[in-house]
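So the structure is just underneath, and the comments pick up after that.
The structure presented is a predicted model; accordingly, all values stated were derived computationally and were not measured.
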Amino acid sequence: MNSCNGFASENKNTINPDFQADLDFELTAKETDIQLFQGNTTKVWMFEGNVLDGDKTTVQKLGKSYLGPIIRVRKGQKIRVRFKNQLPEESIVHWHGMHVPEEDDGHPKDVIANGETYVYEFEIMNRAGTYWFHPHPHGRTGPQVYNGLAGLFVVTDDEEQRLKLPSGEYDVPVVLQDRQFDNNNQLVYLNRGRMDRMNGFLGNRILINGNPDMKLSLKSGCAYRLRFLNGSNSRFYKLAWEDGTPLVIIGKDGSLLDSPKSKPYVMLGVAERIDVWLDLKNRPQGSQMIMKSLSFSPGMMGMMGGMMGRGRNNLPLGSTYEILKINIDKTGSNDFELPQRLAEFNKLDPATAVNRNNPRTFRFFMRRMQWTINGRTWEMTGVTEEETVKLNTTEVWEIVNRGGRMMGNDDMMGERGWMRNRGEMDRDRGMMGGGMQMPHPFHIHHLQFNILERDVSGVDSRIWNSVKDGFIDEGWQDTVLLMPGMSVKLIMRFEDFKGLFLYHCHNLEHEDMGMMRNFKIE
């Protein structure tokens, strides 16, 4: 039994006989070897799904990939997941973006050891959207995700079904991850030690759905829905079609948009998802489309990686490189048409917020070589008054990526490999948006929020001008990318469940270092 400030949750290893599950399946985390390249196999960790009761097509293997499975469910269904840990260390699974009770959220306090089972039982209460699942043990989320533990969790509902969007083979997952391999085809992680932890780990090659060849084979004459997930540890992307074709976005995180949005490019932060409409009806067989990440100024993260990683990484953050090749090597036809009206938005009204005149403020910054939120770091069950909210209330939160000092003079000079001298620090201070800050993707568990305002007044113009057309602030979201100097105001509602939940930076190395806190609904 784990006590949490007056309430408790148990490690659940037995089923509830009164819970009538529509879908009951095992999800096993295990070590295995997979053939990614010629020569030696690669050691990975993977989730394996096995349906015990219910529609077996709802748990789908993601091709030959070690990623996945893809779990497809419908709003209103009740599901039971029997998570079995066969890893050599503790783990727990978080259902990213899902509205579930505390004991089903995958809090680090609920980790289980090798050989143990944790039983999740919850009703799907979310609207149609692209969600995902991954481990969440404190201090080990980064390496466990990096080793391969991640999968898509796709929800549909009646509203989405009426739109007749692309389905079946025309509903295509695209999980973006960067990885690095040694000469024996084994994954390399944190090879620069403290620098990679402080900055966030960047691989030197892109994998699509766990596949290093970065290709999809699609049909001329057809329309597709591409579900993009940024499943990287710390890398974020400026996605664009190489030929200048606009990206047509129909969904973001936890919802369809109210109408399609056409963008020249999209910034996709860590853990964010977008649903892209791709029309190949006028693309001839034998042609190809290429998606790239275009150049942008990432601020501190890119500068630090560039300074300390010269010659070690041919994919520095903010550079231009290929993401995905779509080979239109078949022909076909379908009758999917892009709706001009998608889902009802029903945005939360700021006038209903109990703190509308005094938003809670959470500042993300470094203090003496520690990543902090309001100067605090991770506590397993610790929660403050300013992190305690009331059930059945609506609030506005302001998330601020500026403030504090990155390091004191002693830290700066004592940590070899950070800054060569004070002059260099002063010279680059202007790029950082008013402070020594890196980009941070903010994620809150248990709910979806609306973005009310994105304040860029503190963002250096070089940074902002390189990314400004790539943000999607509509719809229901659970993760938002803050560039250095940026702040956002979010509106959210706390409903249905009391308990202890997490909010944190989704740069997994920052999260593992303690840039994560609890909030309590009482």
Side-chain angles (χ1 to χ4, degrees), residues 1-10 75 94-110 120-127 129 131 136 253-255 345-364 372-400 442-453 455 473 475-480 482 487-506 515-522:
M1 180 82 69
N2 294 296
S3 176
C4 298
N5 297 290
F7 54 90
S9 66
E10 293 188 34
K75 185 176 182 179
H94 168 54
W95 309 97
H96 184 115
M98 297 301 294
H99 183 59
V100 296
E102 174 200 337
E103 61 268 20
D104 294 306
D105 188 54
H107 193 285
K109 64 182 171 56
D110 293 325
Y120 300 85
E121 294 169 323
F122 57 89
E123 179 179 344
I124 305 299
M125 303 179 71
N126 289 62
R127 62 194 295 167
Y131 307 88
H136 220 301
D253 287 4
S255 72
F345 189 3
N346 297 324
K347 182 178 180 179
L348 293 171
D349 183 356
T352 66
V354 295
N355 66 339
R356 58 187 177 275
N357 297 321
N358 187 28
R360 295 178 193 259
T361 301
F362 300 91
R363 295 183 179 274
F364 283 51
T372 74
I373 304 174
N374 284 349
R376 302 184 182 97
T377 57
W378 170 245
E379 299 174 85
M380 185 65 76
T381 58
V383 62
T384 66
E385 183 177 348
E386 70 183 43
E387 297 166 318
T388 303
V389 302
K390 297 293 185 183
L391 186 68
N392 295 323
T393 62
T394 299
E395 289 201 4
V396 176
W397 286 17
E398 184 175 19
I399 315 301
V400 181
F442 168 80
H443 171 52
I444 185 168
H445 286 215
H446 182 64
L447 55 80
Q448 298 285 317
F449 53 72
N450 303 142
I451 297 176
L452 295 177
E453 174 187 317
D455 181 358
D473 290 347
W476 293 86
Q477 307 189 31
D478 53 62
T479 310
V480 59
L482 280 80
S487 67
V488 293
K489 285 185 179 177
L490 314 174
I491 187 168
M492 61 197 76
R493 183 163 179 80
F494 308 100
E495 55 189 357
D496 299 313
F497 307 111
K498 295 182 179 181
L500 200 69
F501 300 94
L502 301 173
Y503 67 100
H504 57 86
C505 176
H506 217 290
M515 203 172 204
M516 178 166 67
R517 294 285 304 173
N518 293 303
F519 73 98
K520 179 182 176 183
I521 305 174
E522 62 178 20

Exercise: identify the closest heavy-atom pair between [X] and [Y]:
X    : Y    : answer
H136 : P108 : O-CG, 3.3 Å
P101 : F122 : CD-CB, 4.3 Å
T372 : M515 : O-CE, 3.3 Å
N518 : V383 : O-CG2, 3.7 Å

Between atom [atom1] of [X] and atom [atom2] of [Y], what is the distance when rounded to the nearest 0.5 Å?
X    : Y    : atom1 : atom2 : answer
T361 : E398 : OG1   : CD    : 4.5 Å
L490 : L452 : CG    : CG    : 7.0 Å
E102 : K520 : CD    : NZ    : 10.0 Å
F501 : I521 : CZ    : CD1   : 5.0 Å
I399 : K489 : CD1   : NZ    : 11.5 Å
H445 : L500 : NE2   : CG    : 11.0 Å

* Tell me, with the steps shown, if F497 and H99 meet ring pair (Phe, Tyr, Trp, His ring centres under 6.0 Å). => CA-CA 9 Å; F497 307 111; H99 183 59; 5.3 Å; yes
* Evaluate the side-chain proximity of N450 to F345: yes if any heavy-atom separation is below 4.5 Å, no if none is. => yes
* **H96 and T479, any side-chain heavy atoms less than 4.5 Å apart** => yes
* Check the pair L482, F364 against side chain to side chain contact (heavy atoms under 4.5 Å, CB included), reporting the backbone distance first and the verdict last. => CA-CA 10 Å; L482 280 80; F364 283 51; over 6 Å; no
* Would the H446 and F494 ring centres measure less than 6.0 Å apart? -> no
Can you list everything that forms a side-chain contact (heavy atoms from CB on, under 4.5 Å) with [X]? Sequence neighbours excluded, please.
X    : value
N357 : none
N346 : E344
N355 : A353, R360, E395, V396

Are any side-chain N or O atoms of [X] and backbone N or O atoms of [Y], one a donor and one an acceptor, separated by less than 3.5 Å?
X    : Y    : value
D104 : Y120 : no
D253 : W476 : no
D105 : V100 : no
H443 : D478 : yes
H506 : F442 : no

* In chain order, what residues pass the ring pair (Phe, Tyr, Trp, His ring centres under 6.0 Å) check against H107, with sequence neighbours excluded? -> W378
* To do: List the steps and the verdict of side-chain hydrogen bond (donor to acceptor under 3.5 Å, both in side chains) for N374 and E386.
  => CA-CA 10 Å; N374 284 349; E386 70 183 43; 2.9 Å; yes
* Structure fact -> Contacts of E121 meeting salt bridge (charged side-chain N to carboxylate O under 4.0 Å, His left out) (sequence neighbours excluded), chain-then-number -> R80
* Structure fact -> Sorted by chain and number, sequence neighbours left out, salt bridge (charged side-chain N to carboxylate O under 4.0 Å, His left out) with E379 holds for R517
* To do: Let me see the working for R493 and L348 under side chain to side chain contact (heavy atoms under 4.5 Å, CB included), right down to the final yes or no.
  => CA-CA 8 Å; R493 183 163 179 80; L348 293 171; 4.2 Å; yes
* To do: Walk me through it: do F449 and W397 pass the test side chain to side chain contact (heavy atoms under 4.5 Å, CB included)?
  => CA-CA 10 Å; F449 53 72; W397 286 17; over 6 Å; no
